[in-house]
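One is the number of the first residue; the rest follow in order along the sequence. For ligands, and for the atoms within them, numbers begin at 1 and follow the listed sequence. Computation of the quantities below employed the complete heavy-atom set of this structure, encompassing side-chain atoms and omitting hydrogens, waters and symmetry-equivalent molecules.
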Amino acid sequence: MAEALLQVDNLRVNFATRRGVVAPVRGISFQVNAHETLGIIGESGCGKSVTAQALMGLLSPRTSRVEGAITLGGRALHSLSDKARRRLSGQEMAMIFQDPLSSLNPVLTVGFQIDESLRLHTSLNRAARREKILALLGQVGITDPERCASAWPHELSGGMRQRVMIAMAISGSPALLIADEPTTALDATIQAQILDLLDEIKRQTGMGIVFITHDLSVVARLCQRVVVLYAGQVVEETDVQTLFADPRHPYTRALLAARPSADSQPKTALREIPGQVPSLHTPLTGCAFADRCPLAQPRCRAQVPALRSYETASHQVRCWRADETGALL
Ligand SMILES: Nc1ncnc2c1ncn2[C@@H]1O[C@H](COP(=O)(O)OP(=O)(O)O)[C@@H](O)[C@H]1O
Ligand code: SF4
Ligand SMILES: [Mg+2]
């Protein structure tokens, strides 16, 4: 099989806190191919954003420790110096966030900020950069690129700002884009437009996308494969068809059952699963989902279930009772 664009092996993140060391990401592995969108889904607090920050090299070594292997395009990122790592970020991999306003500088025009990114990641001269800025704004669906380039961030709508962030993210032609809930703050129509835009850019450029979300409808629309995270561990990984047709982990089944009906607000998703994600300060002796799982047995609390194949190697489930969930839940 061809080498994956991004290969993550046994990624673990520890934070030093006043109450001791916590591990919000506990040994997760996944891969992303070019032309592929991998969804990472899970409730708030499951470790999605910390995973993204670890991939991008954004976590401070003073307060955190990142272990495991991250390989992008055959290059081992975990063994690069911080400086070399930062150079790569934004160029070979770029990230977009939920709140574009917090990542845009309010006192610089949109054009100036894209120009900064181009100066950093390309060797284009001033005139070529100007042309490129307008081309990028056009590429992300902005109808009047000239006007947008001279606008201040606060003059743009939320959807426009997210388009600007996408333009900046793709300005260095990254091989991989990490999107951390980029549409969560947008209304449904704008969200759909942004998802279509990302899909179109992926088709044009062949980049791989890691799309982090708590929203299953986004997964259905955009992703080819999905990793379900729970308490910092992968509990299920499969292709998107199987995720909806034959989910095996009780947590995945709960996520699907908690999906809002068509007429309710998507943001209420996941709220209805009883119980909470375990505290980072509680040591886990068995399955992290046991306190919330209708199928929990004594064994579940005593022994941590391993991630194992279910039927095919590409469908992985971390549950002692993966064979039974279809009949019981
Ligand atoms: N810098 C940090 N120091 C200590 N704990 C953190 C830090 N950043 C995040 N966490 C904790 O790690 C857990 C996972 O957070 P996060 O990855 O942001 O979750 P989400 O899946 O909602 O994106 C949460 O319990 C959060 O409080
Ligand atoms: S291992 Fe046990 S507690 Fe955990 S999800 Fe499976 S059945 Fe539920
Ligand atoms: Mg998050």
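Using a 4.0 Å cut-off between heavy atoms, Thr63 makes no contact with ligand 1 at all.
Considering only non-hydrogen protein atoms, atom 4 (Fe) of ligand 2 sits nearest to Cys287 SG, 2.3 Å. The protein atom (non-hydrogen) at minimum distance from atom 10 (N) of ligand 1 is Phe15 CE1, 3.9 Å. At the top of the distance list for atom 22 (O) of ligand 1, counting protein heavy atoms only, stands Gly45 N, 2.7 Å. From the protein, the heavy atom lying nearest to atom 11 (C) of ligand 1 is Leu280 CD1, 3.8 Å.
Backbone or side-chain N, O or S atoms of Cys300 reach atom 2 (Fe) of ligand 2 at under 2.8 Å. Look at Ser49 and the Mg ion (ligand 3): an N/O/S atom of the residue is under 2.8 Å from the metal.
Residues Asp291 and Arg301 are paired through a salt bridge, judged by an N-O separation under 4.0 Å between the basic side chain and the carboxylate. Salt bridge Asp196/Arg221: present, at least one basic N to carboxylate O contact under 4.0 Å.
If you number the atoms of ligand 1 from 1 as listed, the ones under 4.0 Å from a heavy atom of Glu43 come out as 21 (O). For ligand 2, the atoms closer than 4.0 angstrom to any heavy atom of His249 are 5 (S). If you number the atoms of ligand 2 from 1 as listed, the ones under 4.0 Å from a heavy atom of Trp320 come out as 1 (S), 6 (Fe). Listed by number with element, the atoms of ligand 2 under 4.0 Å from a non-hydrogen atom of Cys319 are 1 (S), 5 (S), 6 (Fe), 7 (S). Near Cys293, the atoms of ligand 2 lying under 4.0 angstrom from a non-hydrogen atom of the residue are 3 (S), 5 (S), 7 (S), 8 (Fe).
Gln113 places a side-chain N or O within donor-acceptor distance of the main-chain N or O of Leu108, the cut-off being under 3.5 Å. Remark: the backbone N or O of Cys287 is not paired with any side-chain donor or acceptor of Trp320 at under 3.5 angstrom. Between the side chain of Ser102 and the backbone N or O of Asp99 there is at least one donor-acceptor pair closer than 3.5 Å. No donor-acceptor pair closer than 3.5 Å links the side chain of Lys202 to the backbone N or O of Glu36. In this structure, Arg26 contributes its side chain and Gly232 its backbone to no donor-acceptor pair below 3.5 Å. At distances below 3.5 Å, not a single donor-acceptor pair connects side-chain atoms of Arg129 with backbone N or O atoms of Leu118.
Between Thr37 and Leu222 the shortest heavy-atom distance is CB-O, 3.5 Å.
Heavy atoms from other residues, nucleotides or ligands lying under 6.0 Å from CZ of Arg147 number 12 at most.
The option with the heavy atom closest to atom 13 (C) of ligand 1, from among Pro278, Ser49, Pro24, Ser44, is Pro24. Taking each of Val50, Ile41, Leu59 in turn, the one with a heavy atom nearest to atom 15 (O) of ligand 1 proves to be Val50.
For the pair Glu181 and ligand 1, no heavy-atom separation below 4.0 Å is found.
For a threshold of 3.5 Å applied to N or O pairs, the pair formed by Val22 and ligand 1 contains no separation below that value. Not a single N or O atom of Thr51, backbone or side chain, sits closer than 3.5 Å to an N or O atom of ligand 1.
Closer than 4.0 Å to atom 27 (O) of ligand 1 lies none of the heavy atoms of the protein. The protein reaches atom 6 (C) of ligand 1 closely, with a heavy atom under 4.0 angstrom from it.
Tyr251 and Phe244 fall within a single hydrophobic cluster, where Ile, Leu, Val, Met, Phe, Trp and Tyr are joined by side-chain heavy atoms under 4.5 Å apart, directly or via other members.
Side-chain atoms of Gln316 and Ser309 include a donor-acceptor pair closer than 3.5 Å.
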